[in-house]
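Encoded as structure tokens, the structure appears first; notes follow it.
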Number of protein chains: 2
Amino acid sequence: MEQKDLMLRLMKYKRVLLQFKSLGLDRVYSNNLGDALEISAALVRKDFSHFKIEGNRRGGYSINRVLEKLNHLLGDSGLQEIVIVGCGNLGKALLNHDYIREGFRIAAGFDINPSQAELNNIPLYPLEILKPYVLEHHIDVGIIAVPVSSAMQTAEMMINCGIKGILNFAPLQLKSREECRIHNVNIGLEIENLFFMVNQSEKKDARSIG
Amino acid sequence: MEQKDLMLRLMKYKRVLLQFKSLGLDRVYSNNLGDALEISAALVRKDFSHFKIEGNRRGGYSINRVLEKLNHLLGDSGLQEIVIVGCGNLGKALLNHDYIREGFRIAAGFDINPSQAELNNIPLYPLEILKPYVLEHHIDVGIIAVPVSSAMQTAEMMINCGIKGILNFAPLQLKSREECRIHNVNIGLEIENLFFMVNQSEKKDARSIG
DNA sequence: TAGATTGTTAATCGATTAACAATC
DNA sequence: TAGATTGTTAATCGATTAACAATC
């Protein structure tokens, strides 16, 4: 967990602050952010003070000031571009969503055999040209949305193209390596986990009733 | 983290053990499992001993024995059923996948206006009949795969139907409540996080070269 | 001033690891 | 027996929280 959690928290602060700002707010207190992220106010203050994000002992934190600092910390590197490999239903779902507000853009989709030339104004290319495309456009991050049967070899290919970060949706655990960080989104595990938690709390309820 | 992480680890043990078993293995050592999960062997032993899963001081753990215990711990409750609300591209992608091996099954899909009567042998129904369906089939868990604009009200509706666990794919953070546990899959955050990590390690590389 | 909130220190808490005796 | 691996204890480590002085 450690560092990863902290960074995720910073990103969440950022999102919440943007939301607050869009609501017309100027300043926040540590407890507002704590509530929004479901963490303690002390932790918010600790995080901020750790990164020298300063507030005012009476008036809390200036949203703009905090956002400035967060952008700096998280790499205010403009609009980043990613690719999606696999343009089946899942790939299409991802291609149809606009991620600009999240700070990145899907530059292109790749598929062994694209069913159309573009989708949502994003070009779809055959897999063969992945490497030249990634090199030319300096793509660092990509999403795997292919069937599980070809996921491993897709990851291999992407790493071979020089991609350094992969979000994998295929239901198998791919391991990160020195040269490429891989995060797995495992829907099956998530659902299993939900069932477990739900059953837990049912048992607890039963106990407290009985 | 805490409990949630431990349970996720138990689920991962299970998956890895099933894989080992399918490869013909009979026994594992704590360090095999540690390697597979990228955790320490000590933690594996600690976890197992915590749940009274016993091994043999020379021959490691019997895979079947461990699986038996894990199934018991994780709730060996047969095949559970879930519903999907939202049958656009994302919903279709989920409907097209077979989760039987993961211990659950998608019983039905729901949409304001289903484009077809079934998909992958799974019936698709209009949203109006969600409540009677959930009640009749005792559905505990569901997936939100609707656009962000209707996600909040969809969650409300599902909770109102008595659903106790939700996996939310819409890009907004829904909060868990007493009566319903909600897990959010936030693709934007994941990608942002990847960019951050990738940039981090690039900086590190540059430093070690310079 | 009185009141509220930050910033920070010390305490707590829990998860992970090191290490080794027990034992197969 | 010699060697290897578990099971467990004590140590470590880090994250989170409590609490309060500083201060706006």
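Here is how names work: the chains are called A, B, and so on, in the same order as the sequence lines, proteins then strands, and each is numbered from 1.
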Query raised in the report: Who pairs with Asn64(A) by side chain to side chain donor-acceptor pair (under 3.5 Å), at least two apart in sequence or on another chain?
Result: Lys21(A)

Query raised in the report: Taking only residues two or more places apart in sequence or in another chain, which ones pass salt bridge (Lys or Arg N to Asp or Glu O under 4.0 Å) with Arg105(A)?
Result: Glu81(A)

Query - Where at least one partner belongs to residues 46-63 of chain B, residue pairs that pass salt bridge (charged side-chain N to carboxylate O under 4.0 Å, His left out), sequence neighbours excluded - result: Arg9(B)-Asp47(B)

Query raised in the report: Applying ring-ring contact (aromatic ring centres under 6.0 Å, His included), which residue pairs with at least one partner in residues 53-74 of chain B are found, sequence neighbours left out?
Result: Phe48(B)-Tyr61(B)

Requested in this report: Write down the distance between NE2 (His50(B)) and P (dA15(C)), rounded to a whole number of angstrom.
Outcome: 9 Å

Query raised in the report: Are any side-chain N or O atoms of Asn32(A) and backbone N or O atoms of Tyr29(A), one a donor and one an acceptor, separated by less than 3.5 Å?
Result: yes

Report summary line: Quick note, Lys46(A) side chain, CB onward, closest among dG7(D), dT16(C), dT16(D) is dT16(D)

Give me, pair by pair, the N or O atoms of the protein and of nucleotides 22-24 of chain C that are less than 3.5 Å apart, along with how far apart they are.
{"unit_1": "dA22(C)", "atom_1": "N3", "unit_2": "Arg57(B)", "atom_2": "NH1", "d": "2.9"}
{"unit_1": "dC24(C)", "atom_1": "O3'", "unit_2": "Asn56(B)", "atom_2": "OD1", "d": "3.4"}
{"unit_1": "dC24(C)", "atom_1": "O3'", "unit_2": "Asn56(B)", "atom_2": "ND2", "d": "3.2"}

Report task. Could you name each residue pair satisfying salt bridge (charged side-chain N to carboxylate O under 4.0 Å, His left out) that touches residues 82-91 of chain A, not counting sequence neighbours? Result -> none

Query raised in the report: Side chains of Ser30(A) and Arg45(A): do they bring a donor and an acceptor to under 3.5 Å?
Result: yes

**Report entry** Whole-Å gap separating C1' (dG7(C)) and CZ (Phe51(A))
**Finding:** 16 Å

Query raised in the report: Within less than 4.0 Å of OP1 or OP2 of dA19(D), is there a side-chain N or O belonging to Arg45(A)?
Result: no

Report summary line: Atom CG of Leu8(A) and atom C1' of dA15(D) are separated, to the nearest Å, by 15 Å

**Report entry** Within residues 24-42 of chain B: residues closer than 4.0 Å to DNA chain D (heavy atoms)
**Finding:** Tyr29(B), Ser30(B)

Query raised in the report: Checking all strands, does Tyr61(A) fall into the base, sugar-phosphate, or nothing category for heavy-atom contacts under 4.0 angstrom?
Result: sugar-phosphate

**Report entry** Residue closer to the 5' end of DNA chain D, Leu43(A) versus Gly55(B) (nearest nucleotide)
**Finding:** Gly55(B)

Query raised in the report: Could you state the CZ-P distance from Phe48(A) to dT16(D), rounded to the nearest angstrom?
Result: 14 Å

Report summary line: A correct dot-bracket answer for DNA chain D, with pairs being Watson-Crick or G-U at under 3.5 Å, [ ] for crossing pairs and | for inter-strand pairs, is ..||||||||||||||||||||||

Report task. Would you please name every residue forming a salt bridge (Lys or Arg N to Asp or Glu O under 4.0 Å) with Glu102(A), sequence neighbours left out? Result -> Arg15(A)

Query raised in the report: Between atom CG in Asp5(B) and atom C1' in dG14(C), what is the gap in whole Å?
Result: 12 Å

**Report entry** Results of side chain to side chain donor-acceptor pair (under 3.5 Å) for Asp26(B) - residues two or more places apart only
**Finding:** none

Report task. Can you sort out the partners of Glu156(A) under salt bridge (Lys or Arg N to Asp or Glu O under 4.0 Å), two or more places apart, ordered by chain and number? Result -> Arg177(A)

Query - Pairs involving residues 84-109 of chain A, ordered by first then second residue, that meet ring-ring contact (aromatic ring centres under 6.0 Å, His included) (sequence neighbours left out) - result: His97(A)-Tyr99(A), Tyr99(A)-Phe104(A)

Query - Arg9(A) vs Gly60(B), nearer the 5' end of DNA chain D by closest nucleotide - result: Gly60(B)

